[in-house]
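In what follows, every heavy atom counts, from backbone to side chain, and hydrogens, waters and symmetry copies are set aside.
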Amino acid sequence: SLSDILRGQRDRYKSRADAAEGEVEALRRQVAEAEAAAETLRQHNVSLFQKVRFLESYDGKGGKGAAAADAEGVRRMNANQAQEVRLDVAAAGGGAGGGGGGGGKDGELADYERPYSREFEDSVSPFAAFRRREQSRRYARLSAADKITLGGGQLCLSNKVARNFMLGYVLSLHLLVFVTLYHFTHFNHSHCD
């Protein structure tokens, strides 16, 4: 009968929907695990950068000692790993743009070291921690209208497209006012006579 066919079809669709929901949950778990692994790797990279900086800054009394040689070995290893990552990204179609190589000169950071350098400096800098605490304390003391204004300003200034839009909008408003004033000043003399 028709009702049996509809019930069977409903049951098939329900089982397909349940299977799809199970797949979605599995994918969500995989994404969460990948994000956690990426965060762990980022923390490890910052820690390794800290160790490399320590080894580079350590200079024994008799010139460059074993620690400096170890630091150079770590730098070469990191440069080789970065080159492998760039090759993998290029092979995957991610673009092989000039990724910049290793830091050849003293004091010059390689492209792959810059983000970790910033995070490392922020984590050890008492001034950065103080600045963050002060900013959060000042933000908490703002009124609701000030918070909205600050949020809108940050939104407009943080994005290049939003900055360009605001510039065009402000310029067009100024142009409209100037044209309107010019028009009323120079073309409405008939009322004066």
Undergrad: Taking all non-hydrogen atoms of both residues into account, name the closest pair between A162 and C156 and its distance.
TA: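 Nearest pair, atom of A162 first, then C156: CB-O, 3.6 Å.
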Undergrad: With sequence neighbours excluded, tell me which residues meet salt bridge (charged side-chain N to carboxylate O under 4.0 Å, His left out) with E39.
TA: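 Partners of E39 under the salt bridge (charged side-chain N to carboxylate O under 4.0 Å, His left out) test: R42.
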Undergrad: Check side-chain contact (heavy atoms from CB on, under 4.5 Å) between L6 and all other residues, then give those that pass, not counting sequence neighbours.
TA: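 Once residues adjacent in sequence are excluded, the partners of L6 under the side-chain contact (heavy atoms from CB on, under 4.5 Å) criterion are L2, Q9.
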Undergrad: Which residues end up grouped with L157 if you chain together Ile, Leu, Val, Met, Phe, Trp and Tyr wherever their side-chain heavy atoms are less than 4.5 Å apart?
TA: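 Reading the cluster by chain and number, L157 sits alone, since nothing else belongs.
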Undergrad: Please evaluate residues V24 and E21 with respect to the criterion side-chain contact (heavy atoms from CB on, under 4.5 Å), reporting the C-alpha separation (whole Å), side-chain torsions for both, the decisive distance (0.1 Å), and the verdict.
TA: CA-CA 5 Å; V24 167; E21 286 177 7; 5.6 Å; no
Undergrad: Show which residues join V177 in its hydrophobic cluster (side-chain heavy-atom contacts under 4.5 Å, direct or indirect), or state none.
TA: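 Direct or chained contacts put V177 with L181.
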Undergrad: Got a sec, which pairs hit side-chain hydrogen bond (donor to acceptor under 3.5 Å, both in side chains) with one end in residues 144-156, sequence neighbours left out?
TA: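 Residue pairs with at least one partner in residues 144-156: S143-D146.
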Undergrad: May I have all residue pairs that pass salt bridge (charged side-chain N to carboxylate O under 4.0 Å, His left out) and include part of residues 9-19, sequence neighbours excluded?
TA: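 Found none.
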Undergrad: Quick one: are Q30 and L27 in side-chain contact, heavy atoms under 4.5 Å?
TA: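 Q30 reaches L27 side chain to side chain.
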Undergrad: My understanding is that only residues two or more places apart in sequence, or in another chain, count here; which of them pass side chain to side chain donor-acceptor pair (under 3.5 Å) with E134?
TA: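 Once residues adjacent in sequence are excluded, the partners of E134 under the side chain to side chain donor-acceptor pair (under 3.5 Å) criterion are R137.
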Undergrad: Give the other cluster members for L175, using side-chain heavy-atom distances under 4.5 Å between Ile, Leu, Val, Met, Phe, Trp and Tyr residues; answer none if it is isolated.
TA: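 In the cluster with L175 are V179.
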Undergrad: Give the other cluster members for L167, using side-chain heavy-atom distances under 4.5 Å between Ile, Leu, Val, Met, Phe, Trp and Tyr residues; answer none if it is isolated.
TA: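 Taking Ile, Leu, Val, Met, Phe, Trp and Tyr as members, L167 shares its hydrophobic cluster with L171.
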Undergrad: To the nearest 0.5 Å, what is the distance between CD1 (I148) and CG (L142)?
TA: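 Going from the CD1 atom of I148 to the CG atom of L142 covers 11.5 Å.
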Undergrad: For residues 156-180, which residue pairs pass the side-chain hydrogen bond (donor to acceptor under 3.5 Å, both in side chains) check, not counting sequence neighbours?
TA: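 Non-adjacent pairs meeting side-chain hydrogen bond (donor to acceptor under 3.5 Å, both in side chains): zero.
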Undergrad: Can you pull the salt bridge (charged side-chain N to carboxylate O under 4.0 Å, His left out) pairs that have at least one residue in residues 27-36, sequence neighbours excluded?
TA: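 Pairs touching residues 27-36 that pass the test: E25-R28.
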